[in-house]
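Here's the structure we're looking at; comments come further down.
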Amino acid sequence: MANESTTQGSRADAAEPRDSQWPLWEVFVQPPGGDPHEHAGSVHAVDAESALQNARDVYARRGEAVSIWVVRSGQITASTPEDMGPFFDPGNDKPYRHPQFYKIPRGIKV
């Protein structure tokens with residue numbers, strides 16, 4: 001009997017992969033000079049504070065950054081490659097947004 005439960009437990013373990021790593025965090029750093037934050041990479045960490053410390057150690061150890069943002073990867077909602085069609089099409093139903101409908105004032109050369 002005990003042997004059956006052990007066998008069933010091992011089957012369940014084999015069916016579901018265990019994730020033994022800490023959660024993944026995406027790192028954004030702001031370089032000196034006021035440029036906007038850029039994606040620098042990813043780190044694994046237990047919580048946000050640890051992720052910030054790890055990101056500093058990996059991506060800003062030589063003074064390359066003046067600010068670091070970390071966000072849990074699971075919290076990011078992104079488009080998929082299947083969204084390439086209508087999702088990114090320009091708003092053709094709003095022709096007034098196109099520049100050809102605006103008159104250039106006199107005295108201005110284009």
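Numbering of residues begins at 1 and proceeds along the displayed sequence.
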(request) Can you see which heavy atom on Val43 is nearest to which on Ala51, and at what distance? (result) CG2-O, 3.9 Å
(request) Please round to the nearest 0.5 Å and tell me the distance separating atom CD of Gln53 and atom CD1 of Ile68. (result) 9.0 Å
(request) Give the minimum heavy-atom separation between Pro32 and Val66, together with the two atoms involved. (result) CA-CG1, 3.9 Å
(message) Starting from Val58, can I reach Leu52 by hopping between I/L/V/M/F/W/Y residues whose side chains sit under 4.5 Å apart?
(response) yes
(request) Identify the heavy atoms of Arg72 and Pro23 that sit nearest to each other, and give their distance. (result) NH2-CG, 3.2 Å
(request) Taking the side chain as every heavy atom from C-beta outward, state whether Trp22 and Ser50 have any pair of such atoms under 4.5 Å apart. (result) no
(request) Provide the full list of ring pair (Phe, Tyr, Trp, His ring centres under 6.0 Å) pairs with a residue in residues 31-53, sequence neighbours left out, each pair given once. (result) Phe28-His39, His37-Trp69
(request) Quick one: list whatever passes side-chain hydrogen bond (donor to acceptor under 3.5 Å, both in side chains) with Glu82, sequence neighbours left out. (result) Thr80
(request) Identify the heavy atoms of Phe88 and Ser79 that sit nearest to each other, and give their distance. (result) CZ-OG, 3.7 Å
(message) Distance check, rounded to the nearest 0.5 Å: Trp25 atom CH2 versus Ile76 atom CD1?
(response) 10.5 Å
